[in-house]
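Structure, as structure tokens:
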Amino acid sequence: MIPKKGMIKVSDAFERIVHWCLAISCIVLMISGLGMMFHAFNFLAIPVGGLKNLKLIHNFTGLIFIPSLLFAILVWWKEAGVLDLPDDFEWIKCAGGYLWHVENPPETGKYNVGQKAFFLAVAGFGIIMIISGLIMWFPLSLPTGLVRWMYSLHALGFFVIFPFFFVHLYLGTIGVPGSAPAVFTGYVTRSWCNKQCPKWLRKMEETGKLEVYGEEKAVSEH
Amino acid sequence: MTEKVKLYDLSKCTGCRACQLACKQWNQLPAKQTHNMGTYQNPSDLQPNTWNLIRFQEVSDGNGGVKWMFRHDACMHCTDAACVRVCPSGALSHTKYGTVAFDQAKCIGCKECISACPFEVPRYDPEKDKIAKCDMCFSRIDNGLEPACVKACPTGALRFGDKDEMLKLAYKRAKELGGDASVYGDKFVGGTHMIYVLPEKASVYDRLPENPRVPLSIIAWKDWLKPLSLLAAGGVLAGSLFHYIIHGPKDTGGDDDQASQEGGK
Amino acid sequence: MTNHWNDIANSDCILIMGSNAASNHPISFKYVTKAMDNGAKLISVDPRFTQTSSKADIYAALRSGTDIAFLGGMIKYILDNNLIQGKYVKYYTNAPFMVNPDFKMPGENDGVFSGLMDGKYDKSTWSFQTDANGVVKKDMSLKNPNCVYQLLKKHYSRYNLDVVSRITGTPKEDLLRVYKEYTKTGEVGKAGTIMYAMGWTQHTVGVQNIRIMAMIQLLLGNMGVAGGGVNALRGESNVQGSTDHCLLFHILPGYLKTPKASLPTLAAYNSKYTPKTKEPKSLNWWKNYAKYSASLIRAHYGMNATLEEGYGYLPRLDDGKTYSWLDIFDEMYKGKFTGFFSWGQNPACSGASSNKTRQAMTKLDWMVNVNIFDSETGNFWRGPGMDPTKIKTEVFSLPCAASIEKEGSITNSGRWMQWRYKAVNPPGDAMPDGEIITKLFYKIKELYEKEGGPLAEAITKMTWDYGPMGADGKIRHLDTHMIAKEINGYFLEDKIVKGKLFKKGTLVPSFVYLQDDGSTSSGNWLYCNSYTEKGNMAARRGKKDKSGIGLYSEWAWCWPINRRIIYNGASVDPISGKPWDKEHPVIMWNGSKWVGDVPDGVAAPGSGRPPFIMKPHGVGSIFGPGRADGPFPEHYEPLECPVEKNLMSPQCVNPAIKRFDVDGTDVDKRATCDPRFPFVCSTYRVSEHWQTGVMTRWCPWLAEMQPDMFVEMSVELARLKGIKNGERVIVKSIRGEVEVVAIVTNRFKPFSINGSVVHQVGIPWHFGWVTTAMRKFVHGDKKPEVFTSGDAANLLTPFIGDANTMIPESKAFMVNVERKGV
């Protein structure tokens, strides 16, 4: 998956590392969590030698998840954390054209509202998962009534994050072809960019910040 | 199999603590260094190595005198046991006698039962990274013996037998005692398998919940959120599949760019 | 116990006083609970509100050491309200007996009985009037002012509610509640029982505490009946057995008297101790004394000596001298001993005034310490305040087997002799006590044979056939069955008794077959019948109860002759022979014989034989001239007390006690009414520990439950002294001090004694420095898994004993309590 000439850089190495740390820890957490949440999924513990190890994996993966999420928030907050009104409102009205056919879906910036929602859900519930998870891990000095609700919150977090995660996975792969390279090489095709984030593309071109593979970087700022 | 009940009549308990010790002996629970904190009660609370504890409590009798009350505190063995509901590993489970057994080998030390239990019974042992609690001497009762604590009780304050018989005895005794006496245990959490005969109102006793029930947070978690999250997870899986089949992937390609085809793979 | 544990369940009213049975005899509460299930009332009288009190229908607090005042008030209440069981009192007690008109009582004689001379009573006026035939004069109408009943009335008329309440600190209404409830058992067919323990015995008036209750039981007709009696809850599982077999200095096995130096011959001895009566119908069982003493001598010496020679070998007491624990340690302190065997005991903690006891041991050349665990006694030379380099005593420690590591019998409080089997071998070098004694015996015998010595025959002629004999004439190992058989006794020659021939070597069926001519042996006549040709009766495990009142006569064996309730001859009407209590008959006449329990002393109904056959006149002693300190119990203050004077009389303390603080050494200090030691203190036990704790402090599970020496005190006292619950404080008496944890509790309340506030505190006595973390451990010392803290309660207790038994007064003395570092 080597980028080709003319492809456009949409993510730098740091962003990609953060993404993968978050993604992998999240997947491990979900699988190991699932193994403990439902007796029917207890079998997930077999490859790691039992539930106790699964719990350890879950807990310590959580420790990777924490900085990953914090960096993710730092990295994407500006682009994905703030709604761009009124354009984003228009997008919502037609669901970005993802669910039914829309002739001309509203143009979006780097991230569309769906992606922003995903980001916000992961950021918000991720923090809830971290806090509730840590309390569940070290519950003993806190009031029982409080600790009890942490379990519900943790389950609620899963209830919210998993669907978003899966949709993200789907749309990041077969649902929106051409997306995946963004998190591997950092380069996507110009046409992908035109469809997914035309406003951003235009802005980058206008400011001369666009990096295109195989071309000299715009130099004006240097 | 008939359900078994350990009946504890507080009015007959002399606080001799034979039960507390017999439990340690049968279950081979080591002693730990303690200190007298100004009471006979020791250890001061249930511990991983103390599965039943006599709580000593002094209250005024309302006439300038004092009442000295003793309460054998141990797992209540609920029918609707919050601990069993939350236990991820199956370490806590119901036996054929209705009691709540505990298989330490299966315990993963997640401590969920500790916060779930309305009676605050399970205790976490950091050395083993496991919890511990009374299992009503399953090894004994399954061999036709009474639990060790019952065996050791000199006064008959602790008794063990079939649920119906024990409940009958309990109600008879409560009636004999009269006043504020009541039977505690059969009317909540689906009925406990340790039943108290309380000579005083339940509210008088230290650390004894008046209306114990499976906490709402546990119900919210186990009864609502668990199925909901399965539903949601299943929903998005199915939804994505249908989306792909019906709506199809988004066309992000362009005539001008071949790379898009490969990138999409 | 005159009755037995199971029998408590038959009671209608249980008084627990001088005991905290729920804590210290937990199993007894099985039967207390049963009785209560059947409607019995439970009364708890104790200075503090105990676990027993928590189960009681009535609780009354009293200041430690005032039990006689409390119960004297009950006697007055009984007599004032005519609540006695009339027929019982008339026929079965000495209430109608006429007393010597010269007899004077404390109320008219400055607080003492007639005859007091230099701290000892001349008892010549404590006698009965007799007619020309020597028969005691009686007034069956109980009206003669010189009859026991009227004297009793006069004596206790001084114990009115007001005075009693001012002495005891018990509110009058509480006194009345107790009196009213307990005396209901005076009704025919009702039974009241008393459960007491060291709370009554460990006083300078210990024996009289029990005496006064025995008198109440007689007045209410509670002796000999099911659910009645006077029931001592023994402090050890086998204290009854060891007392029966002569634990104490003044008795030989079976409560025979230890010979005195002034009794040179067996005849003189027998004559001195065989009671005589002219009462025509009295059985006077002790008339058989000579049979029992002869059989005892035979058990010791067999045919190796004549009876007379054997008598000569028995140890002698010097007349007028006592050899109690206190005397022994007093002498030891004065350097009168070179060696000491401390066998199965821990004197460094268990003896009164432990500092004195511990110092006493430094005066020894050697000490042998036989125990199952390490103790303060074995290590006294490196205890607190000791300098090992300056102590000459050489200590030998012999590990011995615990009860489950050997076979034998114990006799419980209810006089049940129960056989126990060996479960495991003793660990390491530990040996059963009997094996150790056997080794010692052979060594000592060898030395006597080689070197001779005064009365060498006392040892060299002793029989020692307690096992299979080896070629060297020594037993190869100890067989406890052989000891049990010797205790029962054998026929030593072919003998016809009661028309029946007994071959030489057969076991004697019961003590009625024992002979005074040397043809029988019996190591303890009371136990004759325990191991017969029918087998080891103590090992029986029959679970049938034919009696219906829980006698379980086929379970183990009970002295005497398997009689479960002694004095049961008094459980029936003297005329008709019908049981007083139809629901719980102990014995019943079936037309030709008594059925039920083994009958005690009674002949056929209407025979007129008085049933208390161990008394010369056959009746229960309301007037008891046998005691050293008076025929009627009288209230005296403890040696150390919080009051300036005895409200009852000018005599403050028991006049007949041996005063070490007056005649003794400088360590026997006394602080009475001393502002430095203003609080009454009592010692007691907790469920979790036993005795000085040598056996329990090493057990981690027990130490975990009661790890620290503590003092219990009222909230009011704590406030006064600025003490917080759980804080470490110092309790001190004039003799010593101990650091403890304060338990501040509403279970203690200040007393109002004669208008002033008197505080009482209490301490357990189980602790000692050996199991503490602070002590120095050297290589080879075992470390406890769970440490305890605090040293012995007896560091504080006074060196004083009861007038009759010399049991130390550890239940009432004066202390101070201070915050640590103040």
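Quick caveat: nothing in here was measured; it's all calculated off a predicted structure. To find a chain, count down the sequence lines: A is the first, B the second, and so on, and within it residues start at 1.
Contacts between B:A233 and chain A at a heavy-atom distance below 4.5 Å involve backbone atoms as well as side-chain atoms. With a 4.5 Å cut-off on non-hydrogen atoms, B:L216 touches chain A through its backbone and its side chain both. In this structure, chain B has no heavy atom under 4.5 Å from any part of A:F164. Looking at B:L237, the atoms closer than 4.5 Å to chain A (heavy atoms on both sides) sit in the backbone and in the side chain alike.
Residues B:L225 and A:A155 share a closest heavy-atom pair of CB-CB, 3.9 Å. Residues A:M37 and B:S229 share a closest heavy-atom pair of CE-OG, 3.7 Å. Contact record, B:V236 with A:F162: CG2-CE2, 4.1 Å, taken as the closest heavy-atom pair.
Annotation: the span from B:S240 atom OG to A:H168 atom NE2 amounts to 12.5 Å, rounded to 0.5 Å. Rounding to the nearest 0.5 Å places NZ of A:K52 at 10.0 Å from SG of B:C110. Atom-to-atom distance recorded for B:L241:CG and A:I174:CD1 is 8.5 Å, nearest 0.5 angstrom.
Crowding of B:K32 atom NZ: a count of heavy atoms from other residues, nucleotides or ligands under 6.0 Å exceeding 12. Other residues, nucleotides and ligands contribute over 12 non-hydrogen atoms within 6.0 Å of the CZ atom of A:F43. Counting heavy atoms of neighbouring residues, nucleotides and ligands inside a 6.0 Å radius, atom CZ of A:R202 exceeds 12 of them. The environment of CZ in B:F138 is crowded: more than 12 heavy-atom neighbours from other residues, nucleotides or ligands sit within 6.0 Å. In B:K96, the NZ atom is crowded: over 12 heavy atoms of neighbouring residues, nucleotides or ligands sit closer than 6.0 Å. More than 12 non-hydrogen atoms from other residues, nucleotides or ligands lie less than 6.0 angstrom from CZ of A:F38.
The salt bridge (Lys or Arg N to Asp or Glu O under 4.0 Å) check on B:K222 picks up nothing, with sequence neighbours excluded.
Although no hydrogens or angles enter the test, the distance criterion places no donor-acceptor pair under 3.5 Å between the side chain of A:H154 and the main chain of B:W221. The backbone N or O of A:Y170 sits nowhere less than 3.5 Å from a side-chain atom of B:Y244 that would complete a donor-acceptor pair. A donor-acceptor contact shorter than 3.5 Å links the side chain of A:S152 to the backbone of B:S217. Proximity of a side-chain donor or acceptor of B:K111 to a complementary backbone N or O of A:W137 within less than 3.5 Å is detected.
Considering only heavy-atom pairs separated by less than 4.5 Å from chain B, the leading option among A:W149, A:Y151, A:F158, A:F41 is A:Y151. Per-residue counts of heavy-atom pairs under 4.5 Å with chain A were compared for B:A82, B:G235, B:A116, B:C107; the largest is that of B:A116. Per-residue counts of heavy-atom pairs under 4.5 Å with chain B were compared for A:G145, A:G35, A:G175, A:A45; the largest is that of A:G175.
Contact check for B:D129 versus A:K55: side-chain heavy atoms found under the 4.5 Å cut-off.
Here salt bridge (charged side-chain N to carboxylate O under 4.0 Å, His left out) pairs that include residues 33-48 of chain B, with residues two or more places apart or in two chains, are B:D45-B:R55, B:D45-B:R123, B:D45-B:R207.
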